[in-house]
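Everything below concerns the one structure shown next.
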Amino acid sequence: MPELPEVETTLRGISPHIENKCVTAIIVRQHKLRWPVPVKQLKEQFVGQTILDLKRRAKYLLLECESGTLIVHLGMSGRLRILTNAPPAQKHDHIDIEFSNNKILRYTDPRRFGAVLWMTENPEEHILLKNLGIEPLDKKFNGKYLLEKFKNKNIAVKTAVMDHHIVVGVGNIYAAESLFLAGIHPLAPAKSLTLFQLEKLSKAIKTILRQAIKQGGTTLKDFTQSDGKPGYFVNKLNVYGRGGKPCISCKSKLTSLKIGQRSTVYCDKCQCSPALEKPL
DNA sequence: CAGAATACCTGCGGGC
DNA sequence: TGCCCGCAGGTATTCT
């Protein structure tokens, strides 16, 4: 799935094509996504509207119109593309949104874990958005913030950084990469980490996410940028998907295990256990 | 309450 | 070649 960099890449890719453009039609071929697509409401309230602004909050894309906001989540396998001469819809091309400039925004999602919703009120108040934690690229996201949020958390730090009530947008790939960069063991209990380590971790998360955005995200299977090109950050992955292979830094064999049902790869040598780690 | 397990869905690769 | 299993970028909901 798209994590934050993939969603950001999608936002930047589609914005220039549809900002200030009018929605002329919507075709919903499959309404059973994570939640039912509100087809009737979209036809009545979204069609005919102009996209005034496009935003991202966590991994949600927000297409704001005067009458409301289209909320899109890509789930695990969703993607959005801009098409000019739209080829016939394939099996998993669930939704087409047509614009006044003849461009089509096509939503494709084989696993259907994504969502397309409509919110007439302030989208930040949507039930799915209002309890989300802060944005990782916000300057308020730092070591001090994590120290406060982690103080009673006994769970593995990897699980904790993936908890969107704490910080949004960090999924399985970037959690593993950030912990490697910060030299922190993914199984370390969140509350055991020092301010120094959490400062390092928050910086590592920002660094990794910024790099990934620059590379157009990470393409493993489904994800493509809105123009159909893959994301190139996949070439920069140091640990994710590299279990058993040599650490790029110390050459020792990377360990692979499950943490909270999610596969996790780390280097035993470079990501030391918190009890052993000392500030540099 | 925190934390763990489960659920949603399709497709693919590996092992037999 | 084909079947069965486990696995995949997420996260709300249900359980213990």
Side-chain angles (χ1 to χ4, degrees), chain A residues 1-10 29-37 56-61 71-80 90-95 107-117 126-133 136 149-179 186-192 205 208-209 212-213 215-225 230-244 256-265:
Chain A
M1 122 33 200
E3 298 187 34
L4 185 147
E6 291 73 39
V7 179
E8 184 67 28
T9 297
T10 301
R29 302 181 191 86
Q30 169 61 275
H31 73 277
K32 289 181 182 171
L33 302 183
R34 176 87 198 246
W35 292 280
V37 177
R56 177 189 60 74
R57 169 69 175 122
K59 296 172 187 168
Y60 294 92
L61 286 164
I71 300 176
V72 180
H73 194 289
L74 302 176
M76 287 274 252
S77 57
R79 66 190 205 210
L80 282 172
Q90 308 279 298
K91 189 172 177 186
H92 301 298
D93 294 341
H94 305 315
I95 299 176
Y107 176 85
T108 306
D109 185 3
R111 294 179 70 181
R112 289 191 271 130
F113 287 172
V116 174
L117 301 167
H126 193 280
I127 184 90
L128 292 172
L129 302 187
K130 68 176 181 186
N131 294 318
L132 293 174
K149 290 290 179 183
F150 285 1
K151 68 180 180 190
N152 294 317
K153 291 242 170 246
N154 209 22
I155 52 170
V157 60
K158 173 159 182 273
T159 308
V161 294
M162 291 175 67
D163 179 350
H164 22 273
H165 298 295
I166 296 173
V167 57
V168 301
V170 184
N172 203 34
I173 296 176
Y174 300 116
E177 295 299 319
S178 301
L179 287 163
L187 280 174
K191 69 177 181 187
S192 73
I205 289 171
I208 293 287
L209 293 178
I213 290 169
Q215 298 288 318
T218 300
T219 293
L220 296 179
K221 270 165 59 178
D222 304 300
F223 179 74
T224 59
Q225 303 186 51
Y232 299 105
F233 192 73
V234 65
N235 302 312
K236 308 232 164 173
L237 298 176
N238 289 325
V239 286
Y240 182 87
R242 297 194 62 245
S256 186
L257 78 158
K258 291 254 171 200
I259 299 177
Q261 320 286 82
R262 311 303 298 277
S263 71
T264 304
V265 180

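Reminder, nothing fancy here: chain letters follow the sequence lines and each chain counts from 1. No experiment lies behind these values; they were computed from the predicted model shown. These values consider heavy atoms only, across backbone and side chains, with no hydrogens, waters or symmetry-generated copies.
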Selected nucleotide, minimal atom distance to [X] side chain, candidates [options]:
{"X": "A/K91", "options": "B/dG11, C/dA12, B/dA4", "result": "B/dG11"}
{"X": "A/K153", "options": "B/dG3, C/dA12, C/dA8", "result": "B/dG3"}
{"X": "A/H73", "options": "B/dG3, B/dG11, C/dT11", "result": "C/dT11"}
{"X": "A/Q261", "options": "B/dA5, B/dG11, C/dC7", "result": "B/dA5"}

Ring stacking, A/F113 with base of B/dC8, under 5.5 Å and under 30°? yes

Does a side-chain N or O of A/S77 approach OP1 or OP2 of B/dG11 to a distance below 4.0 Å, or not? no

Check: A/F233 ring centroid to A/Y174 ring centroid under 6.0 Å: yes

Select base, sugar-phosphate, or nothing to describe what A/Y240 touches, counting heavy atoms under 4.0 Å on all strands.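 It contacts sugar-phosphate atoms only.
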
Within the 4.0 Å heavy-atom criterion, would you say A/R34 contacts the bases, only the backbone, or no part of the nucleic acid?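 Since a base atom lies under 4.0 Å of A/R34, the category is base.
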
Residue closer to the 5' end of DNA chain C, A/L128 versus A/R111 (nearest nucleotide):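 That would be A/R111.
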
Polar pair under 3.5 Å, donor/acceptor by atom type, side chain A/R112, base B/dC9: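 No.
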
Distance between the P atoms of C/dC3 and B/dC9, in whole angstroms?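 Taking atom P in both C/dC3 and B/dC9, they lie 23 Å apart.
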
